[in-house]
Amino acid sequence: MKLILAIINHDDAHSVIQNLTKGGYQVTKLATTGGFLMVGNTTILIGVDEDKMDAALEIIGTYSTSRRQVVPTTSEVGLGFYSAMPVEVTVGGATDFVVSDDQFRKF
Ligand code: 2BA
């Protein structure tokens, strides 16, 4: 058994989860926040048998899209003055972690 933790964009969450569920996977959705942009994203947990793991990752990849996002940052330009310097970053598709789940029990 493996546990997939996938961090995806809020806007993709519905179609990713819908297609995983359609494929027979059980999914738990968490509302999370990225530490860099400090904006909301979605983390999904999927417990899968090893032989179904690649197909789950494939679904996540198919329905997750990457986006360019502008982040306002401020930097000191001297004498206590600050200038706003927008920085553009590419966010996602999906960031996936796969961990071994040595114990899985359901009561
Ligand atoms: P955030 O931390 O809000 O990061 C959003 C995007 O900002 C990242 O996209 C990346 O393009 C950029 N970024 C993040 N940290 C940066 C830094 N120190 N310097 C410059 N640019 C930076 P993604 O890499 O696609 O990540 C999307 C979200 O996935 C992240 O949101 C975070 O919530 C999660 N994530 C990504 N890698 C992770 C990791 N190694 N561990 C835990 N969470 C991760």
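Both ligands and their constituent atoms are indexed starting at 1 by order of listing. We use all heavy atoms of the structure for the numbers below, so side chains are in, but hydrogens, waters and symmetry mates are not.
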Among Val39, Val89, Thr90, closest by heavy atom to atom 9 (O) of ligand 1 is Thr90
From the candidates Thr43, Asp96, Val91, the one that places a heavy atom nearest atom 6 (C) of ligand 1: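 Selected option, by shortest heavy-atom distance: Val91.
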With respect to [X], determine whether any N or O atom, backbone or side chain, lies less than 3.5 Å from an N or O atom of ligand 1.
X	value
Gly35	yes
Thr33	no
Ile7	no

Option among Thr28, Thr32, Thr95, Thr33 that satisfies the side-chain hydrogen bond (donor to acceptor under 3.5 Å, both in side chains) test with Thr43: Thr32
Enumerate the side chain to side chain donor-acceptor pair (under 3.5 Å) contacts for residues 2-17, please, sequence neighbours excluded, ordered by first and then second residue. Lys2-Ser100, His10-Thr42, Asp12-Thr65, Asp12-Arg67
Among all protein non-hydrogen atoms, which one is nearest to [atom], and what is the separation to 0.1 Å?
atom	answer
atom 13 (N) of ligand 1	Phe36 CD2, 3.3 Å
atom 39 (C) of ligand 1	Phe97 CZ, 3.6 Å
atom 31 (O) of ligand 1	Gly34 CA, 3.5 Å
atom 37 (N) of ligand 1	Thr95 CG2, 3.7 Å

Locate the shortest heavy-atom distance separating [X] from [Y]; write the atom from each residue and the value.
X	Y	answer
Thr90	Ser66	CG2-CB, 4.1 Å
Ile4	Val48	CD1-CG2, 4.0 Å
Met1	Gly47	CE-C, 3.6 Å

Check whether any side-chain heavy atom of Ile44 lies under 4.5 Å from a side-chain heavy atom of Leu20, and answer yes or no.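 Yes; the side chains approach each other to less than 4.5 Å.
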Ligand 1 versus Leu37: contacting region, heavy-atom distance under 4.0 Å: both
Honestly, for Asn41 the part within reach of ligand 1 (heavy atoms, under 4.0 Å) is side chain
Take Ile59 and Tyr25 through the side-chain contact (heavy atoms from CB on, under 4.5 Å) test and state the conclusion after the steps. CA-CA 11 Å; Ile59 294 171; Tyr25 297 95; 3.9 Å; yes
For residues 84-107, which residue pairs qualify under salt bridge (charged side-chain N to carboxylate O under 4.0 Å, His left out), counting only residues two or more places apart or in two chains? Arg68-Glu88
Scan the protein's non-hydrogen atoms and note whether one is under 4.0 Å from atom 24 (O) of ligand 1. no
